[in-house]
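Hydrogens, waters and symmetry mates are skipped; everything else that's a heavy atom, side chains included, is used.
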Amino acid sequence: MNPAALVAIVPLAPLAAALLIGAALTFRRHDGDAAERPSARIAVVGGALALLVMLLLDGLAVVHGAPGQVRLGTWFSAGRFEIPLSFTLDALSLGFGTLVALIAFLTLRFSVNYMHREPGFHRYFFGLSLFAAGMLTLVLAGNSALAFVGWELAGVSSYLLIGYAWERASASENAVRAFVTNRIGDAGFIVGIAATFHWVGTAEWPGFAAGVGALDTLAAGLMAFGFVVAALAKSAQVPFAPWIARALEGPTPSSAIFYGALMVHAGVFLLIRIEPLLIRAPALMALLVLLGLASALYGWLSGLTQTDVKSALTFATTTQVGLMFLWCGLGWFDLAAWHLALHASWRAYQFLLAPSYMHLLDGPTRPVSSWLGRRRRLYTAALERFWLEPAADWLLVRPTRGLGRDVNAFDEQVVDRLIGRGETGRDERADEVARGYGALGWGLESLSRGLARFEARLLMEGEGGRLGQLLRRVGEYLQAIEALLERPRYLLLLVMVTFVVIL
């Protein structure tokens with residue numbers, strides 16, 4: 001069997017499931033309880049097909065050895081830059097690809113009954129199938145550019161499922177907050193890809209591993225820094241840790257696959273993949289040790305003060321992932337890989353079992369440990385999650401609002417004066433064109449008078465003339481299109497079209 005033909009099926013199977021569910025939603029083919037079974041069946045079959053192909057690839061690797069780099073063609077080429085459509089089938093990708101496919105399939109199957117009669121049943125399976133496609137693309141990608149596509153698919157589907165209950169203001173706000181925070185990591189990933197092309201000349205993982213050996217410490221550190229920022233943001237490590245606690249707005253099965261098992265470990269997988277580069281950047285290795293240890297302590301202490309199951313599991317996940325970053329910083333990448341696989345499996349089971357804990361536990365919530373309760377300052381800091389959330393708001397929200405105020409002030413004090421508007425911002429003589437001053441003001445005034453003449457002659461005569469009637473008809477069409485785009489199913493269609501263009 002040709003591995004090149006098989007490996008393409010793995011991410012395409014759940015992606016095709018997502019597209020089919022999205023198309024059915026768009027054209028109202030899946031609506032109501034009666035249509036739950038087709039949507040669930042499409043999603044589960046897509047996940048099962050991906051898992052079966054991964055197991056087949058594992059069997060071929062055991063018999064004939066790991067295929068290594070598999071190239072299907074050229075994705076993008078410009079000058080000396082070329083990005084192949086390739087997959088890496090080494091021990092790391094095959095192992096984690098199988099783990100991702102297995103957990104995705106189990107979560108999809110679990111969700112069939114759990115999400116029964118939920119208003120967004122079909123939308124949920126669309127997002128979960130899309131996420132499975134993104135994670136499989138990420139772990140199997142043969143180069144950093146294709147891995148970034150999977151990285152983004154996973155991020156977008158996470159945003160869609162955090163905001164699953166979009167009618168709740170908190171769900172929408174937390175989805176946007178998580179999305180914006182992760183964009184910082186995405187920017188770091190893009191910087192890393194650009195630096196890879198600049199210093200190594202190729203984005204292929206085998207060429208990347210061979211090319212970084214010739215880099216000096218400074219170049220290796222600059223290249224690795226972008227990937228490290230991406231890993232820290234995606235895995236919710238300090239200082240990007242606050243967003244994961246707000247991401248629990250989505251349904252419990254999505255929390256299991258996103259923040260318990262798979263997506264939260266994507267940053268660790270990226271660090272393991274760029275091991276040859278990190279070894280040549282000792283300063284960043286030391287930084288990983290410090291931030292990993294800080295994240296582990298942050299998750300452990302904050303988790304001791306939580307009273308609900310999902311939050312406690314989330315902070316426990318932050319602790320364990322922080323330890324994985326610590327192992328990577330110490331150079332123990334094999335230990336980090338084993339830790340990732342074991343923790344992802346166990347935490348997925350715990351998250352899926354979380355709704356049953358309230359029935360399994362017959363006593364009150366465990367009180368805070370006595371040693372922590374006696375240390376009031378430490379207890380308060382842990383209860384407030386070490387004030388990282390307000391710090392993130394101060395670093396992200398306040399600068400954004402300040403930029404808006406500055407743009408508004410520039411518009412009032414500079415642009416308004418250039419076009420000749422008074423300090424009140426509005427000409428009191430409504431029937432006259434505002435007078436302008438200077439060359440720019442005179443030009444805009446002349447243009448406005450010409451447009452006013454055009455409007456008076458062609459639009460205001462009688463019932464508006466033919467041009468006015470045509471414009472009104474175009475306006476009616478545009479309003480109808482706008483009304484359609486406001487419906488969720490058409491928004492999903494636009495998202496699908498965007499992904500098709502990207503891929």
Aromatic contact, W151 with F148 (centres under 6.0 Å): no
dist R168:CZ -> N174:CG (nearest 0.5 Å) comes out at 9.5 Å
Of the non-hydrogen atoms in M285 and L278, which two are nearest, and what is the gap between them? CG-O, 3.3 Å
Enter the distance from K234:NZ to L270:CG here, rounded to the nearest 0.5 Å. 10.5 Å
Would you indicate whether the side-chain heavy atoms of V10 and F87 approach each other to under 4.5 Å? no
Would you give the length of the straight line joining atom NZ of K310 to atom OG of S255, rounded to the nearest 0.5 angstrom? 3.5 Å
Looking at CG of D186 and CZ of F179, how far apart are the two atoms once the value is rounded to the nearest 0.5 Å? 7.5 Å
Check each of H122, R117, H116, R41 against E36 using the side-chain hydrogen bond (donor to acceptor under 3.5 Å, both in side chains) test, and report the only one that passes. H116
Indicate yes or no for a side-chain donor-acceptor contact from S93 to the backbone of V139 under 3.5 Å, with no hydrogens or angles considered. yes
Any donor-acceptor pair under 3.5 Å linking the side chain of T305 with the backbone of S302? yes
Test log, rule side chain to side chain donor-acceptor pair (under 3.5 Å), inputs S254 and Y164: CA-CA 10 Å; S254 66; Y164 172 80; over 6 Å; no
Exactly one of L161, L153, T107, L262 should register a side chain to side chain contact (heavy atoms under 4.5 Å, CB included) with F131. Which one does? L262
Check the pair Y298, T319 against side chain to side chain contact (heavy atoms under 4.5 Å, CB included), reporting the backbone distance first and the verdict last. CA-CA 7 Å; Y298 164 81; T319 300; over 6 Å; no
Is any side-chain heavy atom of P253 closer than 4.5 Å to one of F351? no
Considering all heavy atoms, the nearest V7-L140 contact: CG2-CD1, 4.2 Å
Does V264 offer a backbone N or O that forms a donor-acceptor pair with the side chain of S235 under 3.5 Å? yes
Give me the atom names and distance for the closest heavy-atom approach of Q69 to G142. NE2-O, 3.0 Å
State, with a plain yes or no, whether a side-chain heavy atom of S144 is found less than 4.5 Å away from one of F208. no
Less than 4.5 Å apart, side chain to side chain, heavy atoms only: is that true for S295 and F325? no
Rounded to the nearest 0.5 Å, what's the gap from OG1 on T314 to CG on L248? Could you check? 4.0 Å
Would you sort out whether L388 and F240 count as a side chain to side chain contact (heavy atoms under 4.5 Å, CB included), showing the intermediate values? CA-CA 8 Å; L388 281 182; F240 304 105; over 6 Å; no
Is F110 atom CZ crowded by more than 12 heavy atoms from other residues, nucleotides or ligands, each under 6.0 Å away? yes
Does a side-chain N-to-carboxylate-O contact under 4.0 Å join R71 and E82? yes
Side-chain donor/acceptor of S86 to backbone N/O of V70, under 3.5 Å: no
Using side-chain heavy atoms (C-beta onward) and a distance below 4.5 Å, is N143 in contact with T88? no
Correct closest heavy-atom pair for D90 and R273 would be OD2-NH1, 2.9 Å
CZ (F81) with more than 12 external heavy atoms under 6.0 Å: yes
State the CG-CG distance between L99 and L94, to the nearest 0.5 angstrom. 12.5 Å
So T317 and Q320, side chain to side chain contact (heavy atoms under 4.5 Å, CB included) or not? Walk me through it. CA-CA 5 Å; T317 299; Q320 296 299 319; 5.9 Å; no
Indicate the atoms forming the closest heavy-atom contact of T202 with T196, along with that distance. O-CG2, 3.0 Å
Which heavy atom of G185 sits nearest a heavy atom of A233, and at what distance? CA-CB, 3.7 Å
F315 vs I244 side-chain heavy atoms within contact, under 4.5 Å: no
Kindly indicate, with the supporting measurements, whether the criterion side chain to side chain contact (heavy atoms under 4.5 Å, CB included) is fulfilled by V180 and V176. CA-CA 6 Å; V180 170; V176 172; 4.1 Å; yes
Side-chain polar contacts of residues 214-231 - donor-acceptor pairs under 3.5 angstrom, sequence neighbours left out - could you list them?
from : atom 1 : to   : atom 2 : distance (Å)
D216 : OD1    : L218 : N      : 3.3
D216 : OD1    : A219 : N      : 2.7

Would a distance-only check, ignoring hydrogens and angles, find a side-chain to backbone donor-acceptor pair under 3.5 Å from W327 to A337? no
Just so I know, are the side chains of P251 and E118 near enough to count as touching, which here means a heavy-atom distance under 4.5 Å? no
S158 (side chain) donor-acceptor with A154 (main chain) under 3.5 angstrom: no
What I'd like to find out is whether the side chain of L330 reaches to under 4.5 Å of the side chain of V289, using heavy atoms alone. yes
Hey, is CZ on F197 packed in by over 12 heavy atoms from elsewhere, all under 6.0 Å? yes
If you count every heavy atom of other residues, nucleotides or ligands that lies below 6.0 Å from R183 atom CZ, does the total exceed 12? yes
